[in-house]
Amino acid sequence: MTTFHMPADEAEARAIQDSLRARVVLDEPGPPPGTGLVTGVDVAYDEKKDVVVAAAVVLDAETLDVVDEATAVGTVTFPYVPGLLAFREMPTVLEALESLTVDPGLVICDGYGLAHPRRFGLASHLGVLTGLPVIGVGKNPFTFHYEAPGPLRGDTSPLLDGEDEVGRAVRTQEGTKPVFVSVGHRISLDNACAHTLRLARRFRQPETTRRADALCRQTLREATA
DNA sequence: GCGACAG
DNA sequence: ATCTTGTCGC
């Protein structure tokens with residue numbers, strides 16, 4: 001497992017992404033939906049943007065029951081720069097994941113994997129550092145373009161960077177905006193979309209993300225109070 | 001040079 | 001991400 005290194009500036013951060021990108025594994029199908037464990041990770045920031053809380057919530061993939069959860073509180077040491085999000089969140093996210101008492105199985109995180117200017121978003125980075133299969137599910141199309149998917153749950157359309165399909169817009173609920181799924185590590189795009197759809201039975205976002213979001217926000221309130 | 005820009 | 005009133009809809 002590779003150790004996280006905090007770059008001194010944006011140029012070094014981009015160089016790290018260009019270097020680690022070669023370690024992304026794209027030829028594995030990933031675990032079948034509905035089996036094993038699935039882990040959601042998310043972070044929340046305080047008003048001053050200097051405290052960050054990460055949460056990891058492990059669910060049984062079939063029942064969606066909570067199996068384990070962990071949080072970590074850290075300090076933000078890198079500014080938000082589109083394309084360099086991982087350097088803000090990675091240290092605290094890794095700490096939360098390492099605090100779990102079970103194997104996380106498949107990880108679902110906010111943001112993107114291959115759908116990234118250098119094809120190495122947060123989900124790819126997290127996958128390479130942990131070795132775990134990772135999916136990226138974003139709420140916005142970032143800098144990419146797409147045609148609206150059909151109106152029904154399960155309808156999809158390609159997320160395009162020019163001619164390249166870097167991810168997929170997935171309609172998880174009728175009457176709501178799609179989410180944007182991309183491959184992080186050790187999973188296919190088809191399977192990533194199938195997992196996302198299965199985990200978003202009731203709401204727009206996957207249950208893993210919703211649980212992790214609620215936990216890190218609650219923990220932030222308690223840590224800030 | 002200007003606009004766009006995951007969280 | 002987070003700040004935030006009112007407002008639309010179930």
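Both backbone and side-chain heavy atoms feed into the values below; hydrogens, waters and symmetry mates do not.
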Report yes if the distance between the aromatic ring centroids of A:Phe180 and A:Tyr146 is under 6.0 Å, otherwise no.
yes
Whole angstrom is fine here: how far is it from CD in A:Glu174 over to P in C:dG9?
19 Å
What base-paired stems does DNA chain C take part in, with at least 3 consecutive Watson-Crick or G-U wobble pairs and both distances under 3.5 Å?
none
Between A:Asp42 (CG) and C:dA1 (C1'), how many Å, whole number?
9 Å
Heavy atoms under 4.0 Å, any strand shown: does A:Gly121 hit a base, just sugar-phosphate, or nothing?
base
Whole angstroms only, please: what is the CD-P distance between A:Glu89 and C:dA1?
9 Å
Distance check needed: B:dG7 P versus A:His116 NE2, whole Å only.
13 Å
A:Tyr80 and A:Glu89 side chains, donor-acceptor separation under 3.5 Å
no
Send over the distance from A:Leu85 CG to C:dA1 P, rounded to a whole Å.
10 Å
Over 60° means perpendicular and under 30° means parallel, so tell me whether A:His125 and A:Phe120 are parallel, tilted or perpendicular.
tilted
Gap between atoms CG and P, on A:Leu126 and B:dG7 respectively (whole Å):
16 Å
Side chain of A:Thr143: nearest nucleotide among B:dG7, B:dA6, B:dC5?
B:dC5
Are A:Glu28 and A:His185 linked by a side-chain donor-acceptor pair shorter than 3.5 Å?
no
Quickly work out the A:Arg118 CZ to B:dA6 P distance and round it to whole Å.
14 Å
For A:Gln17 and A:Arg118, does a side-chain donor sit closer than 3.5 Å to a side-chain acceptor?
yes
Which of these nucleotides, C:dT2, B:dC5, B:dG7, is closest to any side-chain atom of A:Ala44?
C:dT2
Is any side-chain N or O of A:Lys139 closer than 4.0 Å to OP1 or OP2 of B:dG7?
yes
Centroid under 5.5 Å and tilt under 30°, A:Tyr80 to C:dA1
no
Between atom CG in A:Asp110 and atom P in B:dA6, what is the gap in whole Å?
12 Å
With no hydrogens and no angle check, just 3.5 Å: does a side-chain donor-acceptor pair link A:Asp68 and A:Thr101?
yes
Across the strands shown, which category fits A:Leu84 at heavy-atom distances under 4.0 angstrom: base, sugar-phosphate, nothing?
base
Base, sugar-phosphate, or nothing: which does A:Gly136 touch, judged by heavy atoms less than 4.0 Å apart?
nothing
Treating A:Arg204 as the side-chain partner and A:Lys177 as the backbone partner, does any N or O pair qualify as donor plus acceptor under 3.5 Å?
yes
